Chemist: 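First the structure, then my questions, so here it is.
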Amino acid sequence: MSLSTARSFLSEAGYGEQELDANSALMELDKGLRSGKLGEQCEAVVLFPKLFQKYPFPILINSAFLKLADIFRLGNNFLRLCVLKVTQQSEKHLEKILNVDEFVKRVFSVIHSNDPVARAITLRMLGSLATIIPERKNAHHSVHQSLDSHDNVEVEAAIFASAFSMWSMLSAQTLIPMLQHMHHNASLASSSRELLQQLVTSYPSTPMVIVTLHTFTQLAASSLIDIPKQVLQLLLQYLKEDPRKAVKRLAIQDLKLLAKKAPHLWNRENTQTLCECALSSPYNSLKLGMLSVLSTLSGTIAIKQYFNPGTGGASAPPRLTDLVKLVQECCYHSNLAVAAHGVTVLANIAISCPEKDMMQLEQDTVMGLESLLVLCSQDDSPRAQATLKTALTSLVQLLKSRPHLSQSAVEFLLCQLHLARDPSRVLMCHALAAIATQLPVLGEGMLGDLVDLYRVASHSSTDKQQELLVRDTQIFGNVSKKLFHPTVLTCVFCLPACLHNISSGPLSSQGCHEFSSELYQSLRTRVASEHFYFWLNSLKEFSQAEQCLNGLEDGDYSAAMTAIAEALRSYQKGIASLTAASTPLSPLSYQCDFVKLRIDTLQGLSQLICTCNSLKTSPPPAIATTIALTSGNELQRCGRIAMQMRVSMDEFRSLAARYADLYQSSFDADSATLRNVELQQQSCLLVSHVIEALILDPHSASFQDYGTLGSVQTESEYERRMMSVFNHVLEEVEGLSRKHPPVSYLHTGCLCDAVIALLKVPLSFQRYFFQKLQSTSIKLALSPSPRTPTEPIPVQNNQQLTLKVEGVVQHGSTPGLFRKIQSVCLNVSSTLQSKTGGPEYKIPLDSNTNEIEQRVEPHNDYFSTQFLLNFSILGSHMVNVEASVVDESGIEWKTGPKTTVSVKSLEDPYAQQLRHNQQQQQQAQQARPETAPAPQRSSVYARFQ
């Protein structure tokens, strides 16, 4: 019988000897499978479903699937695809396979193929066999591994094969969480969501629902697609309708994750559903979880979307909404954690919703905060202290947005300060210090109560009382140096903790150098380490240097020169002490660079004043006008001052570039420190711009780049003063630049006034100068590496050197506090140090130098990459490897380190031998007698005779 006979035989209604008919049909199909023609093999494969339908006997089905497994193992991808379709069509007959191990063994062998399409078909085959092999760990491992493949076809097949999780709990716990990483493109994310949606609706067991919902949430949070439509509604549905507490807790946990990562996608209906669930929940634990979600949402744009739904939604008064009713009820809850979240949400509502009827809501918020503060300040338990800290944080944020409530709130805190326990007093002093920073005017009203508190606490030796004194001192430091009371000063000089806190913190950052120098003077004799002594001595010299610049007056240029000279003298002493204070573990590189830049800036400003004065001491010569007319340069009328001004302008631009380099190298610095460095850079750029606008090129100088300085949002008093000086100087220069001749006494006077205005603002030493909250460093290892540091790495000039760079990212106690590393940028360059003898070849310019840059993403703080370097020129080369980091915003930071390795390029032995042979042949030819060619010349002459 041929295949056509088998096809007609399988299509007829079989009566009589069925066993013989079944065996005959299987034999005919087997002949087709053994055929050498691809068409006949495919035709035989697609006839197997009819065979199974007509003869559903286990023996026949087992034999047929074993034959199909052989075709799957030995055939091409088209035959494998046909076998896959047959398997999927015959799903109800898979349980009749008797030799499951042998069948799976033949199919599974294809998973090790180098062809990703073959692996993808095998994965789909394994997914179709999930009903009979649910607990096969090798299949689970293959699916798990293929989810990380770089081939999209294989990844989609692995997602399909995750159907193992429908039949195996072990697979559900290992394979389903892997789907959260399938957000590389929209199609993978969509197929993963469809599979998860099918799983969560088809298998409602508690473990299955928990793992599927959490994976669904993680996938949606990473891809940021279909969050409001699918995930939020699905989680809220389970939270509202599912009676299982474990599922409700999981839904709350995932809702909080979405509230942190995508608060802008929460609409009014989502928040309202969450409020209704919290109002109707009888369990405090679940209510606490839902309030924590609302607390997270209340500090984002979601709270504004709740009260202002936009077009198509009517906004109810805030006090009549379910959210406000819920949090007002929770503010006075017996559970302190619930009450803390209640006042946090209420305070954020009062901050974010400036409506007409907010007055009553503000009063309710203040009353709720005060009642919670009174309750928690009398309790020393950790839970009460955590609640008190949360309430005080909300109070400080509320007062920052509503300053008219500050006076009554400060009076309440000062009254409660005398009645509270010591741990609560410390937290209250933290809050008062923050309020005094925001509104220094309120600091004067705190003096009386704080001095009384000083008198009481200074007679106690407990740790909490000492810490209370430190925090109390911080309030005085935040207010002003003029508000120090004699009792406070006595306590400050007697208590080293207070002395260190106020000297290295508020005073230095606010520019109170007169008082801080005395504190450093007193503190430096109380340390046992030599390095600490030099560190404090350098700080004292820096404060004295800045103190010399405090008494400058407008127009007194000679006094300004004297003050700058005295400041530079103190700075030179300080930089010497600072260098002595550095250690290998603490090199103080930022501090040294910042101070050196300050010294160079002061020297540049002093030189600029001298240059301006030179117009009086060394006026232009009499022939300056003639020289200017002859050369066509109006600046020649001014004499030598023009060249000096150009040098000064270039110097300040160089200083600005150095400040920019310092900014780029300060990856671990806080935002205030970086802003301070940026302000110093802007001051140098401003001086160079003023020189250009007033003297060098007044016609082409533009003020548009500096027009937005007044609109920049400032955060500190030092920044406000600097921005005010910038704007004032720009206004003066713009009014003077085009109204007078190129250089006059008005121009030089304006320049000197700008210098004095900049110097009158006391320099601020920010936190990073004293304390490093975030620490990040990179260690590099190069291979091949020389046996000794001075020995070069040999390489032949006709070969390329493979340089492997490995590195480890090291963190401190708080990694990623200000910014995190996304990738590491490695730059490899080589320079020719010395050239050795050898043949002179014309080598392309690209082959002479190596300049390669590559970015790698660290995994578990480890990264590795390789570079191919070419050393075609014989001699010694120096290879430099420099590392820099790129943060999550894409900004590159020059953190280092920089490593060098020496390479010696040697000539290829075969080429060297060949060159020696050629030289010997040339020498042999030169040694032959020169008389031999004579007869040839005569024969040539004979032709012309």
Side-chain angles (χ1 to χ4, degrees), residues 557 560-561 564-565 568 596-620 624 627-628 631-663 677-709 722-723 725-761 763:
Y557 307 142
M561 292 283 295
I564 293 176
L568 287 173
K596 288 178 182 178
L597 280 171
R598 179 62 174 174
I599 292 174
D600 293 343
T601 303
L602 291 178
Q603 290 176 347
L605 294 175
S606 176
Q607 183 64 35
L608 181 59
I609 296 178
C610 290
T611 303
C612 293
N613 290 336
S614 67
L615 188 64
K616 299 178 181 178
T617 60
S618 179
I627 295 175
S631 61
N633 187 1
E634 289 294 325
L635 286 177
Q636 296 294 332
R637 297 176 181 269
C638 310
R640 58 193 295 268
I641 190 177
M643 184 61 65
Q644 292 177 344
M645 284 293 180
R646 187 172 299 278
V647 172
S648 182
M649 182 186 69
D650 294 338
E651 181 180 359
F652 279 100
R653 287 182 177 176
S654 175
L655 285 172
R658 290 171 58 189
Y659 272 115
D661 294 338
L662 179 62
Y663 184 99
V677 176
E678 193 175 3
L679 286 173
Q680 304 306 317
Q681 179 192 9
Q682 290 179 358
S683 65
C684 294
L685 290 174
L686 177 67
V687 174
S688 66
H689 177 76
V690 169
I691 295 173
E692 182 182 12
L694 285 179
I695 297 176
L696 297 180
D697 196 2
H699 298 287
S700 62
S702 174
F703 295 88
Q704 295 180 357
D705 297 338
Y706 299 88
T708 60
L709 289 177
M722 289 293 289
M723 300 303 292
V725 170
F726 291 169
N727 293 326
H728 174 71
V729 170
L730 287 175
E731 290 175 1
E732 293 293 330
V733 172
E734 190 173 8
L736 186 65
S737 60
R738 294 170 183 155
K739 297 181 181 178
H740 299 277
V743 179
S744 66
Y745 297 131
L746 293 176
H747 294 79
T748 57
C750 183
L751 264 175
C752 295
D753 290 339
V755 170
I756 293 178
L758 290 173
L759 292 175
K760 286 172 67 176
V761 181
L763 181 65

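Everything numeric here is computed off the predicted structure, so don't read it as measured data. The first residue of the sequence shown is numbered 1, and numbering continues consecutively from there.
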Chemist: Kindly state each residue pair satisfying salt bridge (charged side-chain N to carboxylate O under 4.0 Å, His left out) with at least one member in residues 745-761, sequence neighbours excluded.
Modeler: Asp554-Lys760

Chemist: Tell me every residue that passes salt bridge (Lys or Arg N to Asp or Glu O under 4.0 Å) with Glu678, counting only those two or more places apart in sequence or in another chain.
Modeler: Arg675

Chemist: How long is the span from the CZ atom in Phe652 to the CG atom in Leu686, to the nearest 0.5 Å?
Modeler: 10.0 Å

Chemist: To the nearest 0.5 Å, what is the distance between SG (Cys684) and CG (Leu679)?
Modeler: 11.0 Å

Chemist: Supply the atom-to-atom distance Gln603 CD to Ser606 OG, rounded to the nearest 0.5 angstrom.
Modeler: 8.0 Å

Chemist: Hey, could you give me the OG1/CD distance between Thr601 and Gln680, rounded to the nearest 0.5 Å?
Modeler: 7.0 Å

Chemist: Is there a side-chain contact between Leu763 and Arg598 (heavy atoms, below 4.5 Å)?
Modeler: yes

Chemist: Taking the side chain from Ser648 and the backbone from Met645, do they hold a donor-acceptor pair closer than 3.5 Å?
Modeler: no

Chemist: Is there side-chain contact between Leu608 and Ile691, with at least one heavy-atom pair below 4.5 Å?
Modeler: yes

Chemist: Could you pull out the closest heavy-atom pair between Cys750 and Glu732, with the gap in Å?
Modeler: SG-CB, 4.3 Å

Chemist: Shortest non-hydrogen contact from Ser688 to Met649?
Modeler: O-CG, 3.6 Å

Chemist: Partners of Tyr663 by side chain to side chain donor-acceptor pair (under 3.5 Å), sequence neighbours excluded?
Modeler: none

Chemist: Going by the rule salt bridge (Lys or Arg N to Asp or Glu O under 4.0 Å), which residues pair with Asp600 if we only count those two or more places apart in sequence or in a different chain?
Modeler: Arg658

Chemist: Could you tell me the separation between the OG1 atom of Thr611 and the CD atom of Gln644, rounded to the nearest 0.5 Å?
Modeler: 4.5 Å

Chemist: CZ/Arg646 to CD/Glu692 distance, rounded to the nearest 0.5 angstrom?
Modeler: 8.5 Å

Chemist: Counting C-beta onward and ignoring hydrogens, is there a side-chain heavy-atom pair between Leu759 and Leu602 closer than 4.5 Å?
Modeler: yes

Chemist: Under the rule for salt bridge (Lys or Arg N to Asp or Glu O under 4.0 Å), what residues qualify as partners of Lys596, not counting sequence neighbours?
Modeler: none

Chemist: Output, in order, the C-alpha distance, side-chain angles, deciding distance and verdict of side-chain contact (heavy atoms from CB on, under 4.5 Å) for Val729 and Leu758.
Modeler: CA-CA 9 Å; Val729 170; Leu758 290 173; 5.6 Å; no

Chemist: Does some side-chain heavy atom of Ile609 sit less than 4.5 Å from a side-chain heavy atom of Ile564?
Modeler: yes

Chemist: Where do Met722 and Ser683 come nearest, in terms of heavy atoms and distance?
Modeler: CE-CB, 4.3 Å

Chemist: Taking side chain to side chain donor-acceptor pair (under 3.5 Å) as the definition, give me every residue that meets it alongside Asp650, ordered by chain and number, with sequence neighbours left out.
Modeler: none

